[in-house]
Amino acid sequence: MDDLLFQQYFRMSKHVFDELLQKVGPLITKADTHMRFSIGPAERLAICLRYLATGDSYRTIAFSYRVGHSTVAVIVREVAGAIWTALVEETMPVPQTEDWRAIATGFQERWNFPNCVGAIDGKHVVIQAPANSGSLFFNYKSTHSLVLLAVVDAQYLFRVVDVGGFGRSSDGGSLRNSAFGESLRDGSLQLPPDTVIPGAERLGLLPHVFVGDEAFPLLDNLLRPFPGRQITRERRMYNYRLSRARLVVECAFGILSSQWRMFRRVITTSPEVVELCVKATCVLHNFLRRKTMGRPSCTPIAESTDEAPAPSTLRDAPRMGSNNATRRSVQLRETFSSYFNEEGAVRWQKNVV
């Protein structure tokens, strides 16, 4: 009953555990029978959280809770799925236009990047090679993995996740094959309309964009750095400002793997269970972050403002072999580069680049 030890054991405080149990309990409660009493929802949730927090083998956790290791396997699969079902609508709802606008305001205020609606990146979750899988899960690090593709806002919250991409895929390939990538290409994400950046009216209307690294293609709504080492100072300045905004997704992955140590081990379960566990940790990450941040679960509708801009087993995915961009996408990147070197310059950037 010690608060500190409870926090260290389950990665959450007692009152947060009880709140989570209220949400998940109805989905994981089993009926008693004439043959035996069922394992209660609190113990089932505790077993799953302990697995996510440590990544220990099923047998190790079975010895700790005095249940069968096959029972632990069933509990982890069922409870992880229940956590996702119970929390996804509350902690990771599908963003609407006002949600994207609020995210863009957060990036402008915290990271001085206008019209940015999220940082996107992919990470490899290392798993044991599934039977008869060939090279599907074999990645460039010579391990087997599933790809976690995520969009993160300025507060290190996951807004969109796609889990289950084969380890052999690059970030760009995972994006192309995901439902989010399809929505990004066909324009059905309900992004806000193009807007003029305050103080930079000469640039005209600019779209809302996601920021990614060089592994992603250059699209009208997805910015990536200028390639190469021998580039102009203005382009290096753009790369620095883009990298500064994109750092939030790297930090979010670091927080995720530090809190849920399952990611620091080779996960030996089936890919289907790995996918459930990864999705459960993502919504738990948002659930706990919102508690510590003291903010509501849903993004409040914010009015648009004209304010002036004031490292695990989660491994980077490789870059794509070819990223052919349209002429408009190339021009948009040049426009953002011009903004960061003139109207949008911050006082310290010349000392960094």
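Please read these numbers as outputs of a predicted model, since none were measured by experiment.
Looking at Asp3 and Ser13, their side chains never come closer than 4.5 Å, going by heavy atoms from C-beta outward. Residues Val16 and Phe10 form no side-chain contact, since every pair of their non-hydrogen atoms from C-beta on lies 4.5 Å or further apart. When side chains are defined from C-beta on, Leu189 counts as touching Phe210, because their heavy atoms get closer than 4.5 Å. Between Arg44 and Glu78, the closest side-chain pair of non-hydrogen atoms falls below 4.5 Å. In this structure the side chain of Ser337 never reaches within 4.5 angstrom of the side chain of Arg236, judged on heavy atoms. Looking only at side-chain heavy atoms (C-beta outward), Leu148 and Phe253 come within less than 4.5 Å of each other. Ile47 places none of its side-chain heavy atoms less than 4.5 Å from the side chain of Val79. No side-chain heavy atom of Pro225 sits less than 4.5 Å from a side-chain heavy atom of Arg235.
A donor-acceptor contact under 3.5 angstrom links the side chains of Thr195 and Asn115, judged on distance only. A donor atom on one side chain and an acceptor atom on the other are not found under 3.5 Å apart for Arg289 and Gln155. In this model, no donor atom of one side chain and acceptor atom of the other lie less than 3.5 Å apart for Arg11 and Thr281.
In this structure, OH in Tyr156 is found 5.5 Å from CZ in Arg110, a value given to the nearest 0.5 Å. With rounding to the nearest 0.5 Å, the separation of CG in Leu242 from CZ in Arg333 is 9.5 Å. With values rounded to the nearest 0.5 angstrom, Cys282 atom SG is found 12.0 Å from Leu87 atom CG. If you take CZ on Arg59 and OG on Ser64, they are separated by 13.5 Å, rounding to the nearest 0.5 Å. Here the straight-line distance linking atom CG of Asn139 with atom NZ of Lys141 works out to 8.5 Å at 0.5 Å rounding. Taking CD1 of Ile127 as the reference point, atom OG1 of Thr143 lies at 9.0 Å (rounded to 0.5 Å).
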(request) Kindly determine whether Arg241 and Val346 satisfy side-chain contact (heavy atoms from CB on, under 4.5 Å), including the steps that lead there. (result) CA-CA 10 Å; Arg241 294 291 296 275; Val346 291; 3.9 Å; yes

(message) Could you go through Lys291 and Glu19, starting from their C-alpha distance and side-chain angles, then the distance that decides it, and tell me whether this counts as salt bridge (Lys or Arg N to Asp or Glu O under 4.0 Å)?
(response) CA-CA 11 Å; Lys291 297 297 180 185; Glu19 182 179 348; 2.6 Å; yes

(request) Might you work through the side-chain contact (heavy atoms from CB on, under 4.5 Å) test for Ile61 and Tyr51, ending with a clear yes or no? (result) CA-CA 7 Å; Ile61 296 178; Tyr51 174 75; 3.6 Å; yes

(request) Dump the intermediate steps for side-chain contact (heavy atoms from CB on, under 4.5 Å) on Glu250 and Lys123, then the final yes or no. (result) CA-CA 9 Å; Glu250 302 286 357; Lys123 290 295 181 181; 3.0 Å; yes

(request) Carefully, step by step, assess Phe226 and Glu334 under the rule side-chain contact (heavy atoms from CB on, under 4.5 Å). (result) CA-CA 10 Å; Phe226 285 105; Glu334 293 289 353; 3.6 Å; yes

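Hydrophobic clustering places Leu136 together with Leu146 (ILVMFWY residues linked when any side-chain heavy atoms are closer than 4.5 Å, directly or through intermediates). In the hydrophobic cluster analysis, where Ile, Leu, Val, Met, Phe, Trp and Tyr join through side-chain heavy atoms closer than 4.5 angstrom, Leu276 is grouped apart from Val274. The cluster map of Ile, Leu, Val, Met, Phe, Trp and Tyr, joined by side-chain heavy atoms under 4.5 Å apart, puts Val273 and Leu45 in the same cluster. Under a hydrophobic-cluster definition in which Ile, Leu, Val, Met, Phe, Trp and Tyr are linked whenever side-chain heavy atoms come within less than 4.5 Å, directly or via other members, Val76 and Met12 are assigned to the same cluster. Note on Leu247: it does not cluster hydrophobically with Phe336, by side-chain heavy-atom contacts below 4.5 Å among ILVMFWY residues.
Within a 6.0 Å sphere centred on CZ of Phe166, heavy atoms belonging to other residues, nucleotides or ligands number 12 at most. Within 6.0 Å of CZ in Phe63 there are 12 or fewer heavy atoms belonging to other residues, nucleotides or ligands. Counted within 6.0 Å of CZ on Arg327, heavy atoms from surrounding residues, nucleotides or ligands total 12 or fewer; the atom is thus considered open. The environment of NZ in Lys350 is sparse: at most 12 heavy-atom neighbours from other residues, nucleotides or ligands sit within 6.0 Å.
When all heavy atoms are compared, the tightest approach of Val196 to Glu201 is CG1-CA, 3.7 Å. Residues Phe287 and Leu20 share a closest heavy-atom pair of CE2-CB, 4.2 Å. Contact between Leu203 and Ser338 at its shortest, heavy atoms only, is CD2-OG, 4.4 Å. In this structure, Leu332 and Asp220 approach most closely via the heavy-atom pair CD1-O, 3.6 Å. Residues Tyr339 and Ala200 come closest through the heavy atom pair CD1-CB, 3.7 Å. The minimum heavy-atom distance between Pro41 and Ile28, with the atom names listed, is O-CD1, 3.5 Å.
Salt bridge present: Lys23 and Glu90 bring a charged side-chain N and a carboxylate O closer than 4.0 Å.
Checking Arg261, Arg265, Arg50 one by one against Asp56, the side chain to side chain donor-acceptor pair (under 3.5 Å) holds for a single residue, Arg265. Checking Val211, Leu175, Leu223 one by one against Phe216, the side-chain contact (heavy atoms from CB on, under 4.5 Å) holds for a single residue, Leu175.
Put simply, the side chain of Asn286 never gets that close to the backbone of Met92: no donor and acceptor are under 3.5 Å apart. A donor-acceptor contact shorter than 3.5 Å is absent between the side chain of Glu343 and the backbone of Ile197. Using a distance-only test at 3.5 Å, with no hydrogens or angles considered, a donor-acceptor pair links the side chain of Ser178 to the main chain of Gly181. In this structure, the side chain of Thr97 engages the main chain of Gln190 through a donor-acceptor pair within 3.5 Å. Although no hydrogens or angles enter the test, the distance criterion places a donor-acceptor pair under 3.5 Å between the side chain of Arg185 and the main chain of Arg176.
Ring geometry, Tyr140 versus His124: the interplanar angle falls from 30° to 60°, so the pair is classed tilted. Aromatic ring orientation, Phe138 versus His144: perpendicular (interplanar angle above 60°, classes split at 30° and 60°). Between Phe17 and Phe6, the ring-plane angle classifies as perpendicular under the 30° and 60° cut-offs.
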